[in-house]
Structure formats: C-alpha cells, structure tokens
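One structure is given here, and the rest of the page talks about it.
Read the numbers this way: they start at 1 and go in the same order the structure lists the ligands and their atoms. In this chain, residues are counted from 1 in sequence order. Values below: all heavy atoms of this structure, side chains included; hydrogens, waters and symmetry mates excluded.
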Amino acid sequence: MKCRRCKAPAVIDVRRHNAAFCSDCFLHHCREQVRRAIHEFSMFGPEDRILVAVSGGKDSLALWHLLGALGYSADGLYIGLGIGGYSEESEVRTRAFATEHGLALQVISLPEDHGYDVETAAQRTRRSPCGACGLSKRHLFNRAALDGGYDVVATGHNLDDEAAVLLGNVLHWDLDYLARQHPALPAAPGFARKVKPLYRLGEREMAAYCVLERIDYQIEECPMAAGNRHIGYKETLNDLEARSPGSKAAFLFGFLEKAHPRLASGETDDGVVLHPCPSCGAPTPGEVCAFCRLRARAIPVTAS
Ligand code: SF4
C-alpha cells in the first residue's frame, strides 16, 4: 500500500477517499480538511478569538492541535463533569496537553463551581445523563465565550458524530433540529458563534491523528455513555460504511448542500420570543432558562 500523494509506504488508508497516506501526507490531509471546513463556512479568521471546548478526548485535543498547526491562536475551556475517575483522568490529560503546547486553559468544575455533577442532575431532573451533561456544557461554553469576549466557540464534533446526529434527527423528522444542524452557527443575541471544524474528518482519522502527533488523550469511554442512542446510530452507520465506503460523508455533505439551505431558509422565529433569564441572563423562551432550572433541581437543598 503506497501513499497517494508521495508514493512512500502508507500507514493508513481512508476508504471513503479511496486513498492511503504515509504519516506526513496523512497529517497534511487532516490539516487540509480542517482548512477547507473553516474556509467553506467562514468559521473564523486569524483575527478572531477562538475558544475550544476541550474534553481530554481525541477529537477536542486534535482540534486544538490542528488549529495551532494552521496558525490560529485558540484558548481552551475544560468542564469537569464530576464523573469520578473518568473526569479526573480527562482533566489531567487536558491540562498536560495545554502545558506541553503552552496554551491557555480555563477549567470549570460542575461540582465545585455549580454544586452538582452529571449523575445527580440526571437523577434529580429525570433526564438522561447525556441530556443533563449536554445542556450544562452548551450553557457553560456559551457563557464563558460571551464573558471572555471570544468571537467563536469551536467544538470537536467529527463526521461520525454529525452523521449520527443527522440520522437521529431524520428518524424523528425533527425539522427544528435539522434546520439548526450545521458546522457553523452564527452568533445571535445572547449566543456566541459556534463552529465544528472537524466535520469533514472521521473518528478513525482523529484517533490516527492523535497517535501520529503523539497526543495523549483519554481513551476510556465515558461510563455514562451506555444507553446514549447516538452510539446505536453510529453503529448502524458504521455497518453501512463498511459495505459502502463514503456513505456517511455522502449522507452528511448531501444534507448540508441540498437540504439544509431549504430548511434554514424556511426557519422562522415561529412565534418564540426569547428574553434574558432572570437568574443568569441567558436567552430563554421560558420564565427561567433550562440550565438554571436544571441547576436548581440538581443541587441538594442544603447546598443551594
Ligand atoms: Fe456527557 Fe454523555 Fe458524553 Fe458522558 S457520554 S461526557 S455524560 S455527553
């Protein structure tokens, strides 16, 4: 197996591109895919202040590394979810990466700074752990970006993640979610711009990138992940991809090119009026925002 670019011995094949790459050319391929994503959707420019949502996993650390390799300066934000040893290990790896590369890292702890952890919040609010976790992370990343004067929040969602979310949204024909599923969401009052520069790269490519760049990431899967329906969607898409390489990319990129513009243009405010949450100031259609409601129910009464 030879590298498609330079004909040296290849170390990895990328079946959806019908190509194999040597180490240097594979890293070049990853950088080019991210560069293309950034330019295609005008995600940010060199002058923008970027906040990377880092979890200690392969995707977010690879994203942070790739942005640096492409000449962007980006700070990191890690949110400790209070998931025992998993969170401790993830934080250690995130801090070590930031130190090794001389990058600025902000750390927020759900238990220490907000008085609850993901498992408690899930139990007390009868949400799934991933639901409570996602709500908390979205709110806190957005808040940190606005408070810190950042222009954009970058997350490590990759092609597999986005294709799985798309499959879930299509299976439920959730048109509101479909209209908002995009690699670059513009800023709006109370909301920072959000981008996903890895959406053109698959999970396997991100793991290979970390190995080749010697990035030490959290390999363990989150213990709360069991039951997350997106894992099932990923497995289904992996079966499809094994039989028909390129299916995931065709599914996601076809949606972005052909369906999303129609859905987004048909998006209206459908009568929903947002106003500042009286507790934290985040835009909300309800009396109090979803994060403050979750937090109020998740914190033990004695600690509130
Ligand atoms: Fe959060 Fe679920 Fe991911 Fe664990 S698997 S980090 S609970 S979203």
With a cut-off of under 6.0 Å to the ring centre and 45° to the axis, is R200 in cation-pi contact with F253?
-> yes
Transitive ILVMFWY side-chain link L252 to L175, under 4.5 Å = yes
Exam field: side chain R5 to backbone H29, donor-acceptor pair closer than 3.5 Å | no
Can the ring centres of Y177 and H172 be said to be less than 6.0 Å apart?
-> no
Taking the six-membered ring for Trp, are the ring centroids of F97 and Y78 within less than 6.0 Å of each other?
-> no
Considering only heavy atoms of L81, which atoms of ligand 1 have at least one such atom less than 4.0 Å away?
-> 6 (S)
Parallel, tilted or perpendicular: rings of Y72 and F44 (30°, 60°) | perpendicular
Which residue and non-hydrogen atom of the protein lie closest to atom 3 (Fe) of ligand 1, and at what distance in Å?
-> K137 NZ, 4.3 Å
Which N, O or S atoms belonging to the protein are less than 2.8 Å from atom 2 (Fe) of ligand 1?
-> C130 SG
Would you say the side-chain atoms of Y209 and H65 include a donor-acceptor pair closer than 3.5 Å?
-> yes
